[in-house]
Amino acid sequence: MNIIHISAECYPVAKVGGLADVVGALPKYQSNTKNKAQVIMPFYDNKFTKQHKFTSIYNSELKLGENSYSFKVLVLEDNVLDFDIFFIDIPRLLFKDYVYSFNDTERFLAFQVATLDWLLTWDKYPDIIHCHDHHTGLIPFMLQESFKYETFRKIPNVLTIHNAQYQGWFSHDDVKLIPDFNFNHVGLLDWDGQINPLAAAIKCAWSVTTVSPSYMEELKFKANGLEHLLSAESAKCTGILNGIDWKVWNTETDTYIKKQYAINTIASGKKANKQYLCDTFNLDIDKPLFAFIGRLVGEKGSDLFPETFKNSLDKGDANILLLGSGNTIVEEELKKLKEPYAGIYNAFIGYDETLSHIIYAGADFLLMPSRVEPCGLNQMYSLRYGTIPIVRSIGGLKDTVIDIAKPDGFGICHENTEVSEINTAIDRAVKLYENKTKFNKIRKQIMGINHSWNASAKAYIKLYESIN
Ligand code: ADP
């Protein structure tokens, strides 16, 4: 089977969040003697594209309503990835130093149209087109409805919802940007009076997946307005838990971390990484280190961090280290805590891939009090690095973390995203840290949990076969 993934992000080329990690890993695990998975993504102006050389393999022009844009398809000269990757270069729209901005309608519509225009020129069409999130959500509609893509009608396509909060809404005034289609079917594009690319994809894709089984169930009740649609389409919807890239996230080979380690050298390995963090961020090596890594947005519960952190830090028995960026008010509040809590608290406001790896390796506990968590990769990285996750039981967190109070439990879970519950969870973790025998046993236990992509990649292949 020839599988094409179409996505706005792909690690290590361009990453904003978990979508990049998934699209950068899944194709590796899907490619074998029987299947070949390839990726098509936009060409951005970023560190990766500056550091590599590209060759143009196709040149053309696309139309969006009245406007024409020239575009190229580029390939990497030295393909450093384990799969083929193609870049859609539309200099006027996509070649920016960011992935997302406030008004992306034309940018991602042009990306989708250019992708399909180029696929039309292929001698043999792909067996599966796999779209990711709303940025590629108009593809299932165009495959089914646009006159110029009529020859694609029989290509099975899949939509994976990584996050249903963002849907790519735009006004019906811009419907003219979409390549001509049977206007009697314009309703397929609409949800609640707007053009909604995610809703259109849920309606038109042959199969819809979410990145964890629990998230699929939760979306039927809370999906930023799409609840009824997801319930109505539930027959073609499944949840497939993400995996993690076992090669990138490997404590024995990770070149970002300060000391590599295995299960039997966990104590010295984690200590060396914690020491580095304590030295760099002025923290106390003798106290447990709680970390947060991620976007500072409401979905992650970050508005509660300032108060929660103060409560826990006032007790004096924990360090907290945060790596993230997002809401500027929250960023400011978190920066303000640095001075009064110097010695046990610090925050790095920004994005830093290297630091994230060192934190997964050096922290004792990872905080994830998310309000919404479609899958969550951080808890799986933290397990792999022997860092005990403290999670709110929702979405993928519910599917991957069992509370220590339960048989074979290894994490700390709380029911709600509330200050008092997060503080209680931290208190439970401090107690666990003091019980060194139990703490060390759990750290070794979690490093052995296998969340590699192997099982999930197979589940996707099975799904493709069922619609092929
Ligand atoms: P989401 O996609 O909702 O942001 P996920 O848990 O699925 O959350 O994935 C987040 C990914 O982004 C992880 O690989 C995490 O390590 C990474 N990440 C998030 N924020 C930062 C940051 N500030 N610096 C480095 N890595 C980050």
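It should be emphasised that the depicted structure is a prediction, and the values quoted were computed from it without experimental measurement. Just so you know, ligand 1 is whichever comes first in the structure, and atom 1 is the first atom listed for that ligand.
- Close N/O approach between Leu19 and ligand 1 is not found [any backbone or side-chain N/O within under 3.5 Å].
- Cation-pi contact between Lys338 and Phe281: absent, since separation from the ring centre below 6.0 Å together with deviation from the ring axis within 45° is not met.
- When each atom of ligand 1 is checked for a heavy atom of Tyr381 under 4.0 Å away, the hits are 13 (C), 14 (O).
- Among the atoms of Asn378, some N or O lies under 3.5 angstrom from an N or O of ligand 1.
- A salt bridge links Asp427 with Lys315: at least one charged nitrogen is closer than 4.0 Å to a carboxylate oxygen.
- Exactly one of Asp21, Thr387, Asp245 qualifies for a side-chain hydrogen bond (donor to acceptor under 3.5 Å, both in side chains) with Tyr381. That residue is Asp21.
- Side chains of Ile257 and Asp254 form a contact here, defined as non-hydrogen atoms less than 4.5 Å apart.
- Close contacts between ligand 1 and Tyr360 involve ligand atoms 15 (C), 16 (O) [criterion: under 4.0 Å to a heavy atom].
- Inter-residue side-chain proximity for Leu76 and Phe54 is flagged as met; some heavy-atom pair is nearer than 4.5 Å.
- The shortest contact between atom 8 (O) of ligand 1 and any protein heavy atom is with Lys300 NZ, 3.2 Å.
- A 4.5 Å side-chain heavy-atom check between Tyr166 and Asp133 finds every atom pair outside the cut-off.
- With a 4.0 Å cut-off on non-hydrogen atoms, Glu299 does not touch ligand 1 at all.
- What sits closest to atom 19 (C) of ligand 1 on the protein, heavy atoms only, is Gly294 CA, 3.6 Å.
- The closest heavy-atom contact to atom 9 (O) of ligand 1, among the options Cys375, Gly18, Ser382, comes from Gly18.
- The nearest heavy-atom contact from the protein to atom 27 (C) of ligand 1 is Tyr351 CE1, 3.3 Å.
- Contact annotation for Asn163 and ligand 1: no heavy atom of the residue comes within less than 4.0 Å of the ligand.
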Test Asp303 against Arg371 for salt bridge (Lys or Arg N to Asp or Glu O under 4.0 Å), laying out the working first. CA-CA 11 Å; Asp303 46 301; Arg371 290 195 175 90; 2.8 Å; yes

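- At least one heavy atom of Gly350 lies less than 4.0 angstrom from ligand 1.
- Each of the following atoms of ligand 1 lies closer than 4.0 Å to a heavy atom of Gly324: 23 (N).
- Taking every non-hydrogen atom of Arg295 and a distance limit under 4.0 Å, the qualifying atoms of ligand 1 come out as 1 (P), 3 (O), 4 (O).
- With a 4.0 Å heavy-atom cut-off, ligand 1 is reached by the side chain of Lys15 but not by its N, CA, C or O.
- Ligand-side atoms of ligand 1 in range of Asp352: 24 (N), 25 (C), range being under 4.0 angstrom from any heavy atom.
- Listed by chain and number, the residues in a ring pair (Phe, Tyr, Trp, His ring centres under 6.0 Å) with Tyr345 amount to none (sequence neighbours excluded).
- The distance between the ring centers of Phe439 and Phe365 falls below 6.0 angstrom.
- Annotation: cation-pi geometry not satisfied between Lys28 and Phe83 (NZ/CZ under 6.0 angstrom from ring centroid, within 45° of ring axis).
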